2 protein chains.
Amino acid sequence: MPSDSEPTIYKMQSEFCKTLTNPKRLEILHLLEKGEKSVTELAKLTNLRQANVSQHLAVMRHTRIIKERRFGNNVYYSLAHPKITQACNMIRTILTEQLIKDVKSTTSSWNE
Amino acid sequence: MPSDSEPTIYKMQSEFCKTLTNPKRLEILHLLEKGEKSVTELAKLTNLRQANVSQHLAVMRHTRIIKERRFGNNVYYSLAHPKITQACNMIRTILTEQLIKDVKSTTSSWNE
DNA sequence: TTAGAATATTCGAATGTTCGAATACTCTTG
DNA sequence: CAAGAGTATTCGAACATTCGAATATTCTAA
């Protein structure tokens, strides 16, 4: 139960967006679009250490953006909500369009 | 200029999502959906101090999620990309649906 | 049950974010 | 120009996030 009177939905949404705040987590999500993957596979594909991948997966498990399937020694992760991927892709599309526009006129602040 | 070889798009997207990481900024964005507003108006509507609103607006200006229109003493802010709002609303919809489902079975981690 | 592979957790240092307080800037009116 | 309204910036303390290192847990096979 939230202790302040702030609208819960914005807090929820901000918590959710924190999941999308890390480039490597976004990369993992994008990899999972193509199908479920084990932790070790993800570690190789992203060039991260296994422990770090597990940390990122834990974050995304807690916000329930991904789900797990245990089989033998492995844990296979996949996306919980295809719609969330849509939203992410929508954002990427906007950013790409914007980037293309911006390159013409201004030096943007993206690369700082 | 990024100094590492990490795909720029994920970094851009993560920078962008940082903008959506703060509940008050999300509230401001939602208010701006209904039309442009001055800083003072936003301060009143959100119960934030003027300086703090300006700080949030600066963050959103830098990621270009909002744009400004100066008129006399005032600066009126509005959304730069309606599509971004769509993405935000999509996320809110998913979260709401998820919340409704979750309430039935589990005590979620949203309210910690 | 023990070894070993796969995955998860804990801790801490470095880094980043947030908000209030103080102050600066900018524009208008007189 | 001076005063005042509206807006922006800077600084710092409190708090949150990140990643590596070390270690723990879980499962399989022998």
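Naming: A, B, ... by sequence-line order, numbering from 1 per chain. Not measured: the values here are computed from a predicted model. Below, all heavy atoms of this structure are taken into account, side chains as well, without hydrogens, waters or symmetry copies.
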Within-4.5 Å side-chain heavy-atom neighbours: [X] and [Y]:
X: B/Asn89; Y: B/Glu33; value: yes
X: A/His30; Y: B/Tyr10; value: yes
X: A/Thr85; Y: A/Leu29; value: no
X: B/Leu42; Y: B/Leu32; value: yes
X: A/Val53; Y: A/His56; value: no
X: B/Leu20; Y: A/Phe16; value: no

Donor-acceptor under 3.5 Å (A/Asn74 side chain, A/Tyr76 main chain): no
Partners meeting side chain to side chain donor-acceptor pair (under 3.5 Å) with A/Arg49 (sequence neighbours left out):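 A/Arg49: no side chain to side chain donor-acceptor pair (under 3.5 Å) contacts found.
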[X] [atom1] - [N] [atom2] separation (whole Å):
X: B/Leu26; N: C/dT18; atom1: CG; atom2: P; value: 11 Å
X: A/Glu15; N: C/dT18; atom1: CD; atom2: P; value: 12 Å
X: B/Met60; N: C/dT18; atom1: CE; atom2: C1'; value: 14 Å

Lys/Arg-Asp/Glu bridge criterion (N-O < 4.0 Å) met for A/Glu27, A/Lys24: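 Yes, this pair counts.
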Short N-O contact, B/Lys18 and B/Glu15, less than 4.0 angstrom: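 Yes.
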For nucleotides 26-30 of chain C, tabulate all protein N/O to nucleotide N/O atom pairs closer than 3.5 Å, reporting atom names and distance.
{"from": "C/dC27", "atom 1": "O2", "to": "B/Asn73", "atom 2": "OD1", "distance (Å)": "3.0"}

Any B/Lys18 side-chain nitrogen or oxygen under 4.0 Å from OP1 or OP2 of C/dT17: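 B/Lys18 to C/dT17 OP1/OP2: side-chain N or O found under 4.0 Å.
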Nearest-nucleotide comparison on DNA chain C, the residue closer to the 5′ end among A/Asn74 and A/Arg61: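 Result of the comparison: A/Asn74.
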Positions of residues 42-53 of chain A (non-hydrogen atom under 4.0 Å from DNA chain D), listed by number: A/Arg49, A/Ala51, A/Asn52
DNA chain D-proximal residues of residues 30-41 of chain B, any heavy atom under 4.0 Å: B/Ser38, B/Val39, B/Thr40
Working for side-chain contact (heavy atoms from CB on, under 4.5 Å), residues B/Asn22 and B/Val59: CA-CA 11 Å; B/Asn22 182 289; B/Val59 170; over 6 Å; no
DNA chain D: 5'-most and 3'-most nucleotides touching chain A, 4.0 angstrom heavy-atom criterion: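 So the contact region on DNA chain D extends D/dT17 to D/dT28.
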Sugar-phosphate only, base, or nothing, as touched by A/Tyr76 at under 4.0 Å among non-hydrogen atoms: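 Since no nucleic acid heavy atom lies under 4.0 Å of A/Tyr76, the category is nothing.
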Under the side chain to side chain contact (heavy atoms under 4.5 Å, CB included) test, residues paired with A/Leu45 that sit two or more places apart: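 Here the qualifying residues are A/Leu31, A/Lys37.
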Over all atoms of both residues, closest heavy-atom pair of B/Lys67 and B/Leu79: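 Shortest heavy-atom contact: CE-O, 3.8 Å.
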